[in-house]
Each structure stands twice: as structure tokens, then as C-alpha cells.
Engineer: 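Can you read through this structure? Questions will come right after.
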Amino acid sequence: MNRIFFILILAGVPLSVAAALLHWPAVASFIIYCVTIIALASYMGRATESLAIVVGPRIGGLLNATFGNAVELIISIFALKAGLISVVLASLTGSVLGNLLLVGGLSFFIGGLKFKRQRFNVHDAQHNAGLMIFAIVVAFVFPEVFSMTLNDQESFTLSIWVSAIMIILYLAALYFKLVTHRGVYAYDEEKGENEEQETAEWTKSKSILVLGLATLAVAYISENLVHTFEEVGETLGWSEIFIGIIIVAIVGNAAEHASAVMMAYKNKVGVTVEIAVGSTLQIAMFVAPVLVLASVFFEKQMSLVFSMPELVSMVLAVFLTISITNDGDTNWFEGLTLLAAYMIMGVGFYLL
Amino acid sequence: MNRIFFILILAGVPLSVAAALLHWPAVASFIIYCVTIIALASYMGRATESLAIVVGPRIGGLLNATFGNAVELIISIFALKAGLISVVLASLTGSVLGNLLLVGGLSFFIGGLKFKRQRFNVHDAQHNAGLMIFAIVVAFVFPEVFSMTLNDQESFTLSIWVSAIMIILYLAALYFKLVTHRGVYAYDEEKGENEEQETAEWTKSKSILVLGLATLAVAYISENLVHTFEEVGETLGWSEIFIGIIIVAIVGNAAEHASAVMMAYKNKVGVTVEIAVGSTLQIAMFVAPVLVLASVFFEKQMSLVFSMPELVSMVLAVFLTISITNDGDTNWFEGLTLLAAYMIMGVGFYLL
Amino acid sequence: MNRIFFILILAGVPLSVAAALLHWPAVASFIIYCVTIIALASYMGRATESLAIVVGPRIGGLLNATFGNAVELIISIFALKAGLISVVLASLTGSVLGNLLLVGGLSFFIGGLKFKRQRFNVHDAQHNAGLMIFAIVVAFVFPEVFSMTLNDQESFTLSIWVSAIMIILYLAALYFKLVTHRGVYAYDEEKGENEEQETAEWTKSKSILVLGLATLAVAYISENLVHTFEEVGETLGWSEIFIGIIIVAIVGNAAEHASAVMMAYKNKVGVTVEIAVGSTLQIAMFVAPVLVLASVFFEKQMSLVFSMPELVSMVLAVFLTISITNDGDTNWFEGLTLLAAYMIMGVGFYLL
């Protein structure tokens with residue numbers, strides 16, 4: 001698998017440069033960019049993991065928590081710069097739906113075909129449920145409802161406040177998890193294990209080098225990718241919303257998705273939930289607010305105001321996920337339920 | 001009780017025919033039809049149960065799952081044929097509210113007056129909670145929100161997709177419950193019991209005969225019943241919505257309701273929950289989508305788009321039921337809470 | 001602390017009378033009134049508690065349940081009399097948000113700084129969760145949704161019904177808790193303890209005297225307080241909604257808030273939850289419906305129809321609180337999450 005990604009990068013980066021400079025047709029460029037970004041993202045993921053092991057669990061946890069959705073963040077920054085506010089909001093929505101329903105669903109389903117029941121730590125599930133309710137149900141719904149009464153400037157002010165509070169709470173959540181309550185809620189049998197076993201794939205300097213180069217390449221390609229959206233949409237008859245929700249979200253998270261499903265197949269469904277829900281929280285509590293704050297420096301400012309279908313989809317996905325994971329037990333049917341919800345939403349956004 | 005139903009059928013069927021042919025006044029006909037259908041429904045229920053025991057648990061489970069709400073389905077089909085879309089949606093709503101709030105509430109209340117605490121399997125409650133969130137909160141809310149942006153044709157396309165996905169998931173749920181995970185989540189003390197003890201009331205051929213004849217009679221009477229709604233509404237000052245939500249829902253489910261309350265009184269509250277929630281899921285995941293798909297063949301097509309009060313009532317009923325049943329423990333006060341919610345909604349729909 | 005309140009009353013009552021008679025500037029009067037009411041409220045609280053101990057647990061429980069939010073009720077009655085419907089609804093909202101998010105959050109946060117994990121009875125939490133869903137999610141949301149279709153008179157009729165049903169259910173909840181299921185759901189280790197130890201601070205007659213005098217004083221000052229809102233709002237640039245939601249709610253509940261935080265600091269987080277959630281339920285199921293019914297006798301009638309931001313805030317606060325308390329375990333981070341939600345809502349209502 002790593003070998004394939006290596007080849008894809010070797011071929012994809014030059015092709016991407018060529019596509020950008022020679023103005024190749026939008027759809028072809030779009031595909032080249034997407035594939036290359038997926039391959040680069042897998043290298044960024046490996047570099048981040050190696051680095052996290054080298055620097056120890058605390059700073060490592062922080063690294064994972066900030067670089068885990070770096071690709072998504074980079075693409076979104078360029079989309080923001082290009083003024084494609086609705087694409088950015090759609091891709092945030094798509095990441096949340098993709099992580100909870102598609103990744104969660106696929107993992108539980110495939111894991112469940114092999115194992116009758118898969119269990120994970122209920123305490124983590126409940127902790128995460130509280131955060132998802134806070135981030136998506138409270139912090140996303142609230143500006144929406146108020147924006148109906150507020151004018152645009154007030155709405156943006158509220159978004160800034162909400163974003164600042166979310167980032168602070170996200171940092172506090174890391175501090176809670178990595179420092180004050182490290183291991184407090186772990187299963188007894190898990191305690192102390194799992195931690196020493198990991199060895200870094202790459203050295204510290206190699207990790208930093210790979211991370212730096214891959215990030216640069218992703219940034220370059222993302223800037224070009226963003227400008228193909230309009231034409232691709234017209235050619236294929238997709239709305240920009242659909243591209244944001246389905247395509248960008250899948251490209252930005254492909255590597256992560258694969259490893260989540262892998263873990264469920266190995267009966268480590270706790271890690272799957274950690275990835276799917278953890279990534280959702282990172283998108284909602286870190287990437288989204290950072291984008292709002294970043295938009296201060298761009299021409300068009302982005303309020304944290306999703307469209308009604310986007311908001312409702314995310315809220316429903318959260319409630320469904322919580323009701324399915326709060327017993328700390330999954331099976332193939334629960335996976336199928338999540339996938340069915342994803343499919344319903346996919347059809348809805350396609351028709352929109 | 002069975003004797004009474006037998007007499008009611010003997011008298012009711014000829015009276016219904018007379019009422020239909022001689023065009024008796026609407027309110028009188030309406031009452032005759034309703035009473036006769038309730039009596040016939042009890043025979044259909046007994047026939048289905050006998051048949052289910054004879055053919056074994058798997059096919060029996062499937063039988064119960066498809067014929068359990070046959071009366072409701074038949075009445076709705078004729079209402080659909082008569083173009084009374086809003087009555088159909090109202091009666092679906094009424095069935096959901098009736099099963100969760102009225103039947104659940106009455107059972108818990110009456111059972112709780114006799115027993116201080118009544119317990120049931122938490123795993124089933126959580127499994128059902130996930131399905132209710134999927135069916136009612138996701139699959140019903142979603143088309144509603146999207147229909148605000150979509151045109152009628154797109155809205156109906158979305159409804160078709162949602163309906164197809166729901167039926168597939170409903171069949172998967174049966175497969176999960178009856179085949180792959182049969183007994184996996186049962187209480188230890190329950191395992192293996194309860195299954196052999198039941199003996200069929202009627203033979204296979206008698207069951208099929210009764211089921212066939214009763215279904216035909218229900219169909220005939222339903223067709224006539226549906227055409228009385230308008231005049232009954234005008235005479236009594238009830239809206240068609242109110243007739244659908246309160247009357248049709250109660251007529252369609254009366255036999256089931258009685259046995260659910262009976263079971264709670266015998267301290268078998270697990271069976272009560274199974275009936276109330278199971279019937280709700282059947283309505284939402286099977287009857288409703290079948291009606292949407294069936295409407296393709298009728299003049300007026302039915303999108304899965306409820307009115308706002310209907311949708312909100314169902315969602316609130318689901319959340320209330322889940323928050324009350326998820327501890328696997330009921331008492332009279334929890335029953336009263338559900339009844340209070342039913343009463344509030346009844347007043348609301350009456351005023352509408 | 002009691003000493004300070006005594007001095008505040010000695011100084012505050014004459015000052016309040018002076019401010020009212022001599023028409024002092026609004027902001028100064030407003031501050032004097034607020035401080036005096038807070039001090040008087042602490043005396044009312046102590047008198048109610050003494051009385052509750054003297055008369056025994058059953059009538060005592062009833063006393064606490066009716067006088068616990070007496071100050072809030074009195075201020076609201078005078079606001080209602082002055083026709084300030086929107087201030088009344090705002091202060092009900094503010095009490096719910098304040099109890100759940102501010103008091104709950106502050107208590108869990110401060111308690112959590114001292115103790116790593118604080119636990120309380122899960123059964124109580126689940127019982128309360130059901131009631132909060134009933135009271136705030138069902139009984140508050142329902143009239144709102146229906147009021148969109150109903151005219152004002154029908155809307156008020158529905159509010160009357162909802163209010164009557166809520167009060168009956170509230171009384172039933174007391175009967176359940178104090179009579180039929182007293183101690184049924186208690187922790188084993190708690191059973192029988194805690195009850196005999198308490199001794200009344202004051203005698204029965206002194207309690208009644210203090211309660212009577214303090215209530216009179218609060219009533220007198222409240223009437224004047226209510227009339228400063230408009231001018232204070234204009235002077236400080238606050239909307240009446242903001243005054244209702246933040247100020248009136250805090251003034252009305254200050255004494256209770258302090259003791260809830262105190263209890264968490266003493267690791268009695270179960271009492272904290274009892275105060276915060278119990279007070280919320282009292283506001284929603286007793287104070288709010290009593291105000292609706294009382295408004296029949298005033299010039300302007302009050303329907304139970306909150307503004308959309310108010311309603312959504314309360315519903316979100318309930319979902320967040322339930323998802324955080326349903327594991328019977330709190331820590332500083334969960335407290336911080338509640339506080340973050342309170343802050344977001346505070347900013348939103350300030351901008352409104």
C-alpha cells in the first residue's frame with residue numbers, strides 16, 4: 001500500500017504541476033489533483049505518527065490533534081481565499097458526515113461481518129458524546145438560529161466568539177485527556193499497555209522533512225484543485241455543495257478512513273471510534289473555528305452559518321451516532337444503519 | 001373477549017354492507033365501520049400469531065413483521081387511492097404517537113400501579129432506540145428539510161430513495177434479529193425459554209382461511225370508511241388531520257394496544273415495549289415506505305413530507321420514549337409522563 | 001456570609017424604599033433593588049429550609065418545591081402585571097440556562113479542580129432527564145410549533161392546557177418522589193442516612209415570620225425593580241431580553257447558585273445536581289405554567305410561546321446537560337463545557 005502511494009506521488013506531483021501550468025481540462029486535472037493529494041496525505045499521516053511517537057505522548061497527542069486534518073485545513077484555506085465560502089462549509093459538513101456515518105458505518109459493518117459483537121470503552125464514548133453535542137449541536141446550531149435575527153456583521157461577531165470559545169475548549173479537552181485525566185477512564189486491562197510498544201517508522205528529522213515537503217506539495221495542489229470546482233461542477237452536473245460534501249471530504253480524509261476500517265477488521269473497534277469521532281471533533285472544534293478566524297484576513301468573511309440541510313444533516317448524524325455507540329458495543333447491523341443514513345443524505349445533497 | 005369480537009363481526013359485517021349500499025348517514029356508518037374493523041383486526045391478529053407459531057420462529061417473525069400492521073396498511077391504501085394524502089400522513093403520525101405515548105404510557109402506568117418497578121432488557125431498548133432515531137428522526141426529518149429547497153418532483157424522488165433504503169434496512173433488521181443475532185442480546189435467564197411453550201390456537205389451514213377472509217372484509221369496509229371522513233369531519237367539527245391522527249390510528253391498532261396493556265399488567269413489560277416500539281418501527285420503516293412506493297401507481301403521489309406539527313410531534317415522542325426507556329426500568333410516573341405528552345399533542349391537533 | 005446578608009437587608013430595604021419614593025436614577029435604583037433582593041432571598045431560603053425540617057420530609061419537600069423559586073415567581077408576577085411578557089419569558093429562559101449551564105458548569109468545574117471524579121446517583125439523573133425532556137423539549141417546543149398555525153386565542157388555549165397538564169404532572173412527580181417511591185432508587189449506602197441528622201436553624205414560628213416578612217419585602221421591591229428595566233436598558237445599551245435572561249435570572253437564583261457550588265466543593269455533587277436540575281424543573285413545570293394561568297387575570301395574556309433563540313437555547317442546554325450527567329460522573333472539563341455553552345449563549349443574547 002505504501003509502495004503504491006509512493007508511486008502515485010512520484011507520478012502525481014509532476015503531473016499536477018503540468019496540469020496547472022498547461023491548463024489541462026478541468027475534470028482531468030481534478031482527478032490528478034485528488035489522487036495526488038490522497039497519496040501525499042498518507043505520507044503526512046505517517047510522518048505525523050512517527051513524530052508523535054518520538055516526542056512523547058503529550059506533545060504527540062497535540063501534534064496528532066493539530067496535523068490530523070491538515071489536508072482538509074489546507075484545501076479549505078485555499079477555497080476560502082478563492083471566496084468559495086459555501087464550498088468550505090460544505091466540505092466541513094462532508095467531513096463530519098463522512099467520519100461519523102461513512103467511516104463509522106463501514107468499519108462497524110465490515111468488522112461486524114467478522115466478529116459478532118465488537119466492544120469498546122463506554123466512558124470514552126460518553127465523553128465524546130458530550131463533546132459532539134457541544135460542538136455540533138450547540139456551537140453550530142446556535143449561530144444559525146441567531147443569524148436569522150442578527151445582521152451579517154453581528155452574525156460574524158457571534159461566529160468569532162463561538163470560534164474562540166471552541167478552540168479554547170478544544171485545547172482544554174486535550175489538556176484533560178493528555179494531562180489531568182490521562183488513563184483515568186481507561187479499561188483496567190488496557191492500562192499501561194499499548195504505550196511502550198510503538199516504535200517510530202521514521203527518525204525525527206526524516207519525519208519533519210517529509211511532513212514539510214508533503215505539506216508544501218499539498219498546498220500547491222490544493223490551490224489549483226480549488227479552481228477546478230466550478231468547471232467540474234458544470235461538466236458533471238454536480239453542484240458545488242455536492243463536490244464539497246462528498247468529494248472534498250473524502251479526498252481530505254481518505255487515508256484516515258482506510259485505517260479506521262482496518263482497525264475494525266482487526267477487532268480494535270475502540271481505535272476506529274477514536275479515529276472517526278476524534279476526527280469529527282477536530283473538524284468541528286478546531287478546523288472550523290480556525291477557518292472562521294482565518295477568514296478575517298481574506299476578502300470574504302466566513303460566518304459559522306451552515307445551510308439548513310447541512311446543519312440538520314450534521315445534527316442528525318450526531319444523534320444517530322450517539323444512540324448507536326453509547327452502549328459500547330457494535331455489530332454489522334449498526335454499521336448498516338449508519339451507512340443507510342449516509343446514503344439518504346448523499347441522495348439528498350445530490351438532488352439539491 | 002373473543003366471544004364479543006365474534007358477535008361484533010357477525011353483526012358488523014352485514015351492517016357495514018348495508019350501510020355502504022344504502023348510504024346510511026356518515027357518522028353512523030363511520031361508527032359501524034370502525035367497530036367492525038376493530039373486531040376483524042383482532043381475528044387477523046390471532047390468525048397471524050397461530051400461523052407464526054406453526055411455521056417456526058424465522059418465517060413467523062417475518063409474518064408478524066409484515067402482517068402486524070396490515071389493517072393500518074389497508075385503510076391507508078384506500079385513503080391513498082381516494083387522494084387523501086394528508087389523512088394518510090396523519091394516520092401514520094397517529095400510529096407512531098399512539099404506540100409510543102398512549103400504549104406505552106397506559107401500559108407503564110397500569111403496570112406500575114400494581115408493581116413498584118418493572119424491568120426489561122436494556123439491550124433491546126438501546127437497539128430499538130437506534131432504529132427509532134434512524135427511522136423517525138433521520139429518515140422522516142431529512143426529506144422534510146430538503147423539501148423546502150427541492151421542487152415537488154425532486155422531493156418525491158428523494159422520498160422514493162429514502163423509502164427504498166428504509167425497507168432494505170427493515171429487512172436487514174429482521175435478518176439481524178431472527179438469524180445472525182438471534183438470542184445474542186437476551187438476558188441469560190431468558191435464553192432458550194419462552195420459545196417452546198407456545199402452542200398455536202388454530203391449525204395452519206384455518207389460520208390462512210381466517211386471515212384471508214378477515215383481510216378481504218377489512219379491505220371492503222376500509223374503502224367505505226375512507227369516504228366517510230369528509231362528512232364526519234364536517235358533522236362533528238373535526239379536521240381530517242384529527243380524524244387521521246386520533247381515530248384511524250386507534251382503530252387500526254386497537255387489538256394490539258389491548259394486548260400491550262395486558263402484558264404490562266402481567267409484569268411482562270418487556271413484551272409491552274416490544275409491541276409498542278416494534279409496531280412503531282414497523283409503521284415507520286415498512287408501512288410508510290410501502291405507501292410511498294405504492295403511491296407511484298395512484299393518481300396523487302405521496303412524498304414522505306409530513307406537516308411541521310406532525311413531524312415535531314413524532315420526533316419529540318421518540319426522544320421522550322428513549323429517555324424514559326433507556327434505563328430498562330419503568331414505573332407509574334413514567335407512564336403518566338408519556339400520557340401527559342399524548343394529551344398535550346391531542347389538544348394541539350384538535351385545535352389545529 | 002449570613003452576617004453580610006443581614007447588613008445588606010438592614011441597609012437595602014430602607015434604601016429601596018427611598019429609591020422608590022424619591023425616584024432615584026434608574027441604574028442606581030436597579031442595583032440597590034437587585035442586591036437587596038439577593039439578600040432577602042437568602043433569608044427566604046433559610047426560612048424555607050428550617051420550616052421544611054420542622055414539618056417533616058413530605059410537607060417539607062412540598063414546601064421546597066413551591067417556595068424554592070418564590071423570588072423568581074414574585075418578580076415575574078409584577079413583570080406580568082406591567083405587561084412585560086417578553087421579559088417574563090426571557091427570565092424563565094435565563095433561569096433554565098443559568099441553572100443548567102452556569103450553576104451546573106461552575107459547580108462541576110470548581111468541584112472538579114479539587115476532586116478528579118465526582119459521582120452521583122445515575123437513577124436520579126435518568127429520572128430527571130426524562131422530566132427535562134418532557135418539560136422543556138415537549139411542553140415548551142410543542143406550543144411554539146403549533147402557534148405558527150394557530151391564531152393567538154387558540155395558541156393561548158393550548159398554553160392553558162399545556163400549563164394545567166404540567167402542573168398536574170409536577171404534583172405527580174412530587175407524590176412519586178416523596179410518597180410512592182421514596183428511597184426506592186437511592187444508593188444502598190445512602191439509604192436511611194442523611195435524614196435524621198438535620199436540625200432546623202430557626203423555630204417554626206420564627207421561620208414563618210421571616211418567610212412572611214421577606215416575601216412582603218421582595219414583593220414591594222420587585223414591583224419597583226420591574227419598572228426600572230426600560231430605563232436601565234436604554235442607559236446601558238442592553239435589550240430587555242438580555243436583562244431578563246442574564247440579570248433577573250441571576251438575581252432570582254443567586255442564593256441557590258451559591259449553595260450548589262458549595263456542595264460540589266464539598267464533594268456532594270449529587271446535591272448540586274439536585275439543586276440545579278431540580279430548580280430547572282420547578283421553573284419549567286411549576287413557575288412557568290403558574291405564570292401562564294395567572295396571566296388570565298391580567299391585562300395581557302401570556303402564551304407559552306418563547307422566541308426561537310430562547311427555545312433553542314433551552315433545548316440545547318437540556319441535551320447538553322443530559323449528555324454530560326447521564327453517566328453519573330463529573331469532572332472539571334465537563335463543567336467547563338457547560339460554562340462554554342453558557343458563554344456562547346450569553347454573547348448571542350447580548351448581540352440580539
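Proteins come first, then strands; the chains are lettered A, B, ... in the order of their sequence lines, and each starts at number 1.
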Engineer: Does the side chain to side chain contact (heavy atoms under 4.5 Å, CB included) test come out yes or no for C:W161 and B:M343, once each step is laid out?
Structural biologist: CA-CA 9 Å; C:W161 275 91; B:M343 218 185 141; 3.5 Å; yes
Engineer: Take a 6.0 Å sphere around OH of B:Y350 and say whether it holds more than 12 heavy atoms from other residues, nucleotides or ligands.
Structural biologist: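 No, OH of B:Y350 has 12 or fewer neighbouring heavy atoms, counting only those of other groups under 6.0 Å.
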Engineer: Looking only at heavy atoms, what is the nearest atom pair of C:G130 and B:S323, with distance?
Structural biologist: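 C:G130 and B:S323 have their closest heavy atoms at CA-OG, 3.3 Å.
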Engineer: Would you compute the distance between atom OG of B:S313 and atom CZ of C:F146 and round it to the nearest 0.5 angstrom?
Structural biologist: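 Output value for this atom pair is 4.5 Å.
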Engineer: Measure across B:G348 and C:F142 and return the closest heavy-atom pair with its distance rounded to 0.1 Å.
Structural biologist: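 Looks like CA-CE2, 4.0 Å.
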Engineer: Would the number of heavy atoms belonging to other residues, nucleotides or ligands and lying under 6.0 Å from CZ of B:F115 be above 12?
Structural biologist: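 Check passes, neighbour count above 12.
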Engineer: Is it the side chain or the backbone of C:A172 that comes within 4.5 Å of chain B heavy atoms, both, or neither?
Structural biologist: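 Both parts, backbone and side chain.
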Engineer: Under 4.5 Å heavy-atom distance to chain B, tell me which part of C:I165 shows up: side chain, backbone, both or neither.
Structural biologist: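 Only the side chain of C:I165 comes within 4.5 Å of chain B.
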Engineer: Which donor-acceptor pairs under 3.5 Å do side chains of residues 229-248 of chain B form with protein atoms, sequence neighbours excluded?
Structural biologist:
| from | atom 1 | to | atom 2 | distance (Å) |
| --- | --- | --- | --- | --- |
| B:T235 | OG1 | B:E231 | O | 2.6 |
| B:S239 | OG | B:F242 | N | 3.1 |

Engineer: Could you tell me which portion of C:A164 (side chain, backbone, both or neither) has an atom closer than 4.5 angstrom to a non-hydrogen atom of chain B?
Structural biologist: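 Neither part, no heavy atoms under 4.5 Å.
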Engineer: Rounded to the nearest 0.5 Å, what separates atom OG1 in C:T149 from atom CG in B:L351?
Structural biologist: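 The distance works out to 11.0 Å.
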Engineer: Any chance you could measure C:Q126, atom CD, to B:D329, atom CG, to the nearest 0.5 Å?
Structural biologist: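 Separation between the atoms: 8.5 Å.
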Engineer: Give me the one residue out of C:T157, C:I160, C:V162, C:L158 that meets side chain to side chain contact (heavy atoms under 4.5 Å, CB included) with B:V347.
Structural biologist: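 Only one option passes, and that is C:L158.
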Engineer: Quick one: closest heavy-atom pair of B:W332 and C:T180, and the distance?
Structural biologist: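 Heavy atoms only, the tightest pair is NE1-OG1, 3.0 Å.
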Engineer: Give the intermediate values and the outcome of side chain to side chain contact (heavy atoms under 4.5 Å, CB included) for residues C:F134 and B:L338.
Structural biologist: CA-CA 8 Å; C:F134 173 80; B:L338 293 173; over 6 Å; no
Engineer: Kindly compute the distance separating CZ (C:F176) from OG1 (B:T337), expressed to the nearest 0.5 Å.
Structural biologist: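 Going from CZ on C:F176 over to OG1 on B:T337, the span is 9.0 Å.
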Engineer: Could I get the full list of side-chain contact (heavy atoms from CB on, under 4.5 Å) partners for B:T272, not counting sequence neighbours?
Structural biologist: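 So B:T272 forms a side-chain contact (heavy atoms from CB on, under 4.5 Å) with B:S107, B:F108, B:A260, B:M263, B:A264, B:V269.
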Engineer: Identify which part of B:F349 has an atom lying under 4.5 Å from any heavy atom of chain C, answering side chain, backbone, both or neither.
Structural biologist: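 Contact with chain C: backbone and side chain both.
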Engineer: Nearest 0.5 Å please: distance from the CE atom of C:M166 over to the CD1 atom of B:I344.
Structural biologist: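 The CE atom of C:M166 sits 7.0 Å away from the CD1 atom of B:I344.
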Engineer: Run the side chain to side chain contact (heavy atoms under 4.5 Å, CB included) check on C:V138 and B:M345 step by step: do they pass?
Structural biologist: CA-CA 9 Å; C:V138 175; B:M345 294 181 184; 4.2 Å; yes
Engineer: Using heavy-atom distances under 4.5 Å, tell me whether C:L131 contacts chain B through its side chain, its backbone, both, or neither.
Structural biologist: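 C:L131 touches chain B through side-chain heavy atoms alone.
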Engineer: Is the number of heavy atoms from other residues, nucleotides or ligands within 6.0 Å of CG (B:N267) greater than 12?
Structural biologist: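 Counting other residues, nucleotides and ligands, CG of B:N267 exceeds 12 neighbours.
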Engineer: Just wondering, more than 12 heavy atoms not from B:K114 lying within 6.0 Å of its NZ?
Structural biologist: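 Count over threshold, so yes.
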Engineer: Atom CG in B:L320, atom CE in C:M132: separation rounded to 0.5 Å?
Structural biologist: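 The CE atom of C:M132 is 12.5 Å from CG of B:L320, to the nearest 0.5 Å.
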Engineer: If you count heavy-atom pairs under 4.5 Å with chain C, which of B:L336, B:L339, B:L352, B:I324 comes out on top?
Structural biologist: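 Between B:L336, B:L339, B:L352, B:I324, the count favours B:L352.
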